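Have a look at the structure below, then the notes.
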Amino acid sequence: MKFKFLSTKIILTCLVLLISVNTIAQDYNILDYGAKKSHNVVSTQAIQKAIDAAHKNGGGTVIVPKGQYVTGTLFLKSNVTIKMEANTELFGSSSLKDYADIPLGTEEPHFSKSLFYAKGQENIKIIGHPRSEINGKGYMFKHSHERPKLFRIENCNNIEFDNAIIKNSGSWCVYFKECDNIYIHHTSVYNKENKNNDGMNFDGCSNVTIRDCNLQVEDDAICLKSSVDKICENFLVENCTVSSYWASLKFGTASKTGFKNVVVRNCQFFDSRHGAIKLLAVDGAVIENVQISDIDLFNCSGPIFIRLGNRGRDYSKSIKQVYKKDAKPEGRPVGKIKNIHFKNINARLTGRMDPPTEGLMFTGLPNHYIENVTLENINFSYTGFGETNAKNNVVKEDEARYPEQLFFGVLPSYGMYLRHIKGLKIKNVTMGLRANDDRPAIVMDDVLNSDFENVTFDIKPKAGSGVLMHNSKNINLNNIKSVGKVAALLEVKGKMTKGIVIKNTEVKKLEAKKSFLLSEEVKRNAVKLK
């Protein structure tokens with residue numbers, strides 16, 4: 001009898017579990033709720049009814065079957081999956097009246113409306129198909145006073161995008177704010193039909209994985225932001241192919257709190273016209289513990305731009321970006337950038353012609369240094385811009401201006417411009433020129449306690465020197481080689497310069513006439529040759 005009772009109990013338990021699983025896994029076809037296969041009929045209410053039904057019953061999958069549909073704003077709910085079947089197109093309405101009024105965004109308030117919106121939800125999943133797409137028809141909003149996003153997801157937990165194709169947003173494509181546990185894989189973002197077409201934006205998010213994705217966008221592709229009090233942390237980006245007219249990978253410009261523990265590896269970045277990788281802390285943010293490795297760059301301009309600035313914005317209200325030259329600090333303290341490691345990066349660079357912007361640029365502020373940056377196993381091929389007449393250019397500090405490398409003008413070096421940095425380590429780096437350039441390969445200004453090892457660069461006679469150093473201290477140059485005739489391997493300026501050591505460099509084996517040249521204000525013992 002006892003055995004029979006246990007068997008009956010087990011059977012009943014299994015039935016309850018099966019009923020629960022069926023309830024959770026139930027499908028909700030949007031056609032059953034009145035959605036129409038049409039380019040003209042807006043099916044917002046029908047699709048929303050399906051989402052609400054799935055949510056009300058404890059969760060389920062909303063099926064978008066084969067066909068073409070139009071919708072306005074849809075509110076995503078907890079435990080609901082949106083699944084696109086094959087040969088399905090879900091279009092955003094081209095009329096702003098079909099987009100719900102939702103709270104203003106912190107940045108760019110005219111981008112606040114969205115096709116999909118969620119706040120305070122959990123366990124949301126978007127499943128696509130190689131022959132389906134979500135299309136915002138962003139080209140319809142080119143001249144609109146408001147330009148909707150495609151996805152705006154805030155204060156949510158456990159969000160997944162799987163095999164989705166997302167395209168043509170009115171503005172930013174996918175935006176997450178203060179979300180935790182985001183997994184995006186095998187997803188493609190095509191967003192070049194309008195201006196300000198970012199790919200994926202993450203503001204104050206944590207525990208994010210972006211894997212095996214393809215992004216082709218007009219503006220910043222993978223962009224970490226910090227306009228809130230919650231830090232962006234614990235990111236993994238790997239095996240992605242990224243094309244952007246601006247940055248392929250960007251931290252900022254909104255940079256109030258910070259970015260920590262970010263790994264980016266095994267990616268290809270191409271067609272980034274205004275710099276491929278940008279790490280920007282201009283509103284008080286701390287950027288630390290970032291590892292970027294095994295990256296191929298093609299047809300990009302500046303390969304890496306790191307900026308520690310003093311705009312000092314607190315993002316307490318919605319605001320549009322300001323680009324004016326005479327911008328003033330807005331009050332927040334200067335942040336920090338430290339412990340950044342770049343390794344195994346190959347780049348064939350193709351910068352802007354007018355003005356030429358192509359070289360790597362790291363610039364902090366006086367008395368606010370970028371700290372502990374490593375460049376290891378780097379191979380950069382530069383265009384060569386001919387007679388630039390720029391090797392004596394003075395680069396303005398522009399501490400509060402919007403942080404864009406091109407705003408600094410033509411740099412006095414073709415390869416690397418390094419300013420207000422300490423603890424820099426550069427090892428196994430090659431910089432080649434595909435054509436003539438009249439600038440040094442490297443310019444250093446106020447660089448402290450740094451090491452250069454196994455660095456080789458092309459140089460042309462009119463550059464005068466391979467490396468120009470100004471007011472820098474405690475620099476070790478070990479096995480530095482120039483390829484091309486030049487007056488001196490190293491030219492040293494600035495009365496504050498001292499503690500410069502050159503090792504394992506024989507001028508006879510180089511095409512430099514001298515190891516170093518000292519300007520009049522530099523003390524004779526500032527440079528030692530070993």
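All figures in this text were calculated on a predicted structure; none of them were measured in a lab. One-based numbering along the sequence shown.
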With no hydrogens and no angle check, do the side chains of Asn377 and Asn344 hold a donor and an acceptor under 3.5 Å apart? yes
Rounding to 0.5 Å, atoms NZ (Lys250) and CG (Asp220) come to a distance of 4.0 Å
How about NZ on Lys495, more than 12 heavy atoms from neighbouring residues, nucleotides or ligands closer than 6.0 Å, or not? no
Please check this pair: side chain of Ser144 against backbone of Lys142, looking for a donor-acceptor N/O pair closer than 3.5 Å. no
Quick one: does any side-chain atom of Ser114 pair with a main-chain N or O of Arg152 as donor and acceptor, under 3.5 Å? yes
Is the closest side-chain donor-acceptor distance between His341 and Glu376 under 3.5 Å? yes
Dump the intermediate steps for side-chain contact (heavy atoms from CB on, under 4.5 Å) on Met469 and Val527, then the final yes or no. CA-CA 11 Å; Met469 186 182 298; Val527 181; over 6 Å; no
Backbone N or O of Gly105 within a donor-acceptor pair of the Ser318 side chain at under 3.5 Å? yes
Give a yes or no on whether a salt bridge exists between Arg307 and Glu404, defined as a side-chain N under 4.0 angstrom from a carboxylate O. no
Do the side-chain N and O atoms of Arg211 and Tyr183 include a donor-acceptor pair separated by under 3.5 angstrom? yes
Taking only residues two or more places apart in sequence, or in another chain, which ones meet Glu193 in a side chain to side chain donor-acceptor pair (under 3.5 Å)? none
Is there a side-chain contact between Ile102 and Lys119 in this structure, where contact means two heavy atoms from C-beta onward sitting under 4.5 Å apart? no
When the ring planes of Phe259 and Phe251 are compared, do they come out parallel, tilted or perpendicular, using 30° and 60° as the limits? tilted
Could you check whether the rings of Phe202 and Phe235 sit parallel, tilted or perpendicular, using 30° and 60° as the cut-offs? perpendicular
Would you say Ser301 and Thr357 are linked by a side-chain donor-acceptor pair, where the criterion is simply a distance under 3.5 Å? no
Can you see whether Ser206 engages Asn234 through a side-chain donor-acceptor pair at a distance of less than 3.5 angstrom? no
Separation between CD1 of Ile500 and CG of Asn474, rounded to the nearest 0.5 Å: 7.0 Å
In a check of side chain to side chain contact (heavy atoms under 4.5 Å, CB included) between Glu218 and each of Asn191, Asp198, Asn197, Asn194, which one passes? Asn197
Just by distance, do the side chain of Ser169 and the backbone of Gly138 share a donor-acceptor pair under 3.5 Å? no
Exam field: side chain Ser465 to backbone Ala487, donor-acceptor pair closer than 3.5 Å: no
Going by an N to O cut-off under 4.0 Å, is there a salt bridge joining Asp446 and Arg419? no
Check ion pair Arg439-Asp437 (N to O, under 4.0 angstrom): yes
Taking atom types as modelled, find out whether Asn454 and Asn428 have a side-chain donor-acceptor pair closer than 3.5 angstrom. yes
Take the angle between the ring planes of His420 and Tyr369 and call it parallel below 30°, perpendicular above 60°, tilted in between. perpendicular
Evaluation steps, side-chain contact (heavy atoms from CB on, under 4.5 Å), between Thr257 and Val228: CA-CA 7 Å; Thr257 308; Val228 296; 5.7 Å; no
With a 4.5 Å heavy-atom cut-off, do Ser272 and Tyr245 have their side chains touching? no
Applying side-chain contact (heavy atoms from CB on, under 4.5 Å) to Thr383 and Tyr414, what does each step give before you reach the verdict? CA-CA 9 Å; Thr383 300; Tyr414 79 79; over 6 Å; no
Is the shortest side-chain heavy-atom distance between Leu418 and Leu360 below 4.5 Å? yes
Hey, what do you get for CG (Leu424) to CG (Asp451), rounding to the nearest 0.5 Å? 8.5 Å
Can you confirm whether more than 12 heavy atoms, excluding those of Lys336, are under 6.0 Å from its NZ atom? no
Can you measure from OG (Ser227) to CD1 (Ile319) and round to the nearest 0.5 angstrom? 11.0 Å
Given side chains that start at C-beta, do those of Gln405 and Tyr417 come closer than 4.5 Å, heavy atoms only? no
Side-chain donor or acceptor of Lys230 paired with backbone N/O of Gly204 under 3.5 Å: yes
Donor-acceptor pair between Lys177 and Thr106 side chains, under 3.5 angstrom: yes
Charged N to carboxylate O below 4.0 Å: is that the case for Arg147 and Glu108? no
Quick check for you: to the nearest 0.5 Å, what is the distance between Asn479 atom CG and Ile502 atom CD1? 12.5 Å
Glu399 versus Asn310, side-chain donor and acceptor atoms under 3.5 Å: yes
Any donor-acceptor N/O pair, Tyr382 side chain to Gly415 backbone, under 3.5 Å: yes
Can the ring centres of Tyr175 and Phe111 be said to be less than 6.0 Å apart? no
Check the pair Lys473 / Met496 against side-chain contact (heavy atoms from CB on, under 4.5 Å), numbers first and verdict last. CA-CA 8 Å; Lys473 301 176 184 178; Met496 302 299 294; 3.8 Å; yes
Give a yes or no answer on whether the side chain of Glu178 reaches the backbone of Glu154 with a donor-acceptor pair at less than 3.5 Å. no
Check Val395, Leu468, Val443 against Ser413 for a side chain to side chain contact (heavy atoms under 4.5 Å, CB included) and give me the one that passes. Val443
Would you say the side-chain atoms of Glu238 pair up with the backbone N or O of Val263, donor to acceptor, closer than 3.5 Å? no
Given 3.5 Å as the limit, does a donor-acceptor pair link the side chain of Ser519 with the main chain of Val492, or not? yes
Please tell me if the side chains of Tyr190 and Asn214 come closer than 4.5 Å, counting only heavy atoms from C-beta onward. yes
Lys192 atom NZ, over 12 foreign heavy atoms within 6.0 Å: yes
Proximity of Phe161 and Phe151 rings by center, below 6.0 Å: yes
Asn299 side chain to Asp271 side chain, donor-acceptor N/O pair below 3.5 angstrom: yes
At what distance, to the nearest 0.5 angstrom, does OG of Ser226 lie from NZ of Lys256? 8.0 Å
